[in-house]
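Everything on this sheet refers to the single structure shown next.
Everything quoted here is computed from the prediction, not taken from an experiment. Read the numbers this way: they start at 1 and go in the same order the structure lists the ligands and their atoms.
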Amino acid sequence: MINKFEKNGQPRPPGMNSSTQLLNSFRSHILPANSVLIITHDYPDPDCLASAFGIKHLLNFWDVKSAVISFGGFVGRAENRAMIRALNIPTVPFVLTEIKDYDRIVLVDSFPNKGNVPLPRNTTIHAVIDHHPNQQAADAASFYDVREEFGATSTIITEYLIAAGCPITPKLATALFYGIKTDTGDMRRENVPEDVECYKLLFDIMDHHLLSRIENPDRDEEFFRILHRAVETTYTAETFGYTYLGNVTTPDYVAEMADFFHSLERLEWMVCSGVFKNHVFYSIRSKTSDRAGVIAEQIADRLGGSGGGHSRVAAGRIPVVTKAVNKVIAEFEHTMKELFGISSIPEEKLL
Ligand SMILES: [Mn+2]
């Protein structure tokens with residue numbers, strides 16, 4: 001339970017003054033409240049889980065009686081399930097919540113009406129804290145803190161906790177550290193000095209044994225089946241790699257395999273797709289380009305889905321409505337090749 005900056009009077013991370021102002025504005029949009037619903041994107045990743053967990057701590061610190069973390073979908077990736085278990089992050093499936101039971105709604109690591117949160121359109125959202133690039137206008141009545149240049153929403157939340165003087169427990173520090181670590185890809189993807197400063201601060205507070213348990217989780221057999229299938233279907237076209245996973249039991253596998261196969265030497269791009277619950281999910285990774293989010297959005301626009309993301313990490317989903325799923329996959333692959341300009345480059349199977 002250390003708040004290092006407060007305690008030792010050390011220099012604050014860059015940008016802390018603006019964080020204090022933003023925190024005060026956030027507070028005035030949320031308090032007074034008895035109950036707050038904290039929503040992450042569907043199939044949550046460590047950054048949004050940690051951010052929601054941090055906001056829950058902050059609201060409890062401000063004497064909000066009930067702060068509930070909820071999302072559509074479920075937690076699929078083994079590491080993320082281990083994170084929830086090891087850090088005791090309480091969550092409630094969105095289908096079991098009633099919006100009217102809550103005084104305020106906070107959205108973390110996502111933006112309204114982007115197709116990846118469970119809230120019905122026109123739901124009043126009182127605060128949005130995010131780091132995804134977004135073209136849409138913010139609703140003037142609500143609180144928005146969207147910092148596109150930040151590597152993780154967990155960094156913004158860490159600054160809030162420090163600015164508020166809210167104690168950061170070892171478990172919360174572990175969550176936020178892991179959120180920053182995964183979203184910045186261990187600092188190999190976009191990040192700002194604030195990400196590194198918060199990373200260092202959290203490193204001294206967190207529980208390293210718990211982090212080790214999260215990063216080395218037990219895996220179910222399905223993981224190895226998916227890995228096998230991915231190795232079999234992967235092909236490359238010069239510096240572009242693609243794998244199609246077929247039906248998956250959780251869309252998290254699509255992101256996970258995109259990350260893993262992206263490490264194949266000579267690849268600049270890696271795209272992975274898979275089918276889950278009447279949707280084709282896809283993930284795009286880039287090593288040096290800044291166009292992953294743009295391409296994810298273009299694919300979604302052309303095929304009637306939703307998509308977007310950061311410069312090197314992006315994702316989307318396309319609904320399978322009237323057409324057969326194979327047809328949607330074929331359209332997806334055709335559009336992908338066109339946008340990457342690889343339609344005429346011969347494909348080479350990995351195996
Ligand atoms: Mn994030």
**Request:** Starting from the Mn ion (ligand 1), look over the N/O/S atoms of D109 and name the nearest one.
**Result:** OD1
**Request:** Indicate if the distance from the Mn ion (ligand 1) to the nearest N, O or S atom of D183 falls below 2.8 Å.
**Result:** yes
**Request:** For residues F61 and H57, establish whether the separation of their ring centroids is below 6.0 Å.
**Result:** no
**Asked** Measuring from F53:CZ to T174:OG1, what's the distance to the nearest 0.5 Å?
**Response** 9.0 Å
**Between T236 and R266, a side-chain donor and acceptor under 3.5 Å** = yes
**Request:** Please confirm if an N, O or S atom belonging to D45, backbone or side chain, lies less than 2.8 Å from the Mn ion (ligand 1).
**Result:** no
**Complete:** Looking at D47, the N, O or S atom sitting nearest the Mn ion (ligand 1) is OD2
**Item:** N/O donor-acceptor pair under 3.5 Å between H334 side chain and S343 backbone
**Value:** no
**Request:** Decide, counting backbone as well as side-chain atoms, whether H132 has an N, O or S atom less than 2.8 Å from the Mn ion (ligand 1).
**Result:** no
**Message:** For F74 and F276, I'd like to know if the aromatic rings sit close, meaning centre-to-centre distance below 6.0 Å.
**Reply:** yes
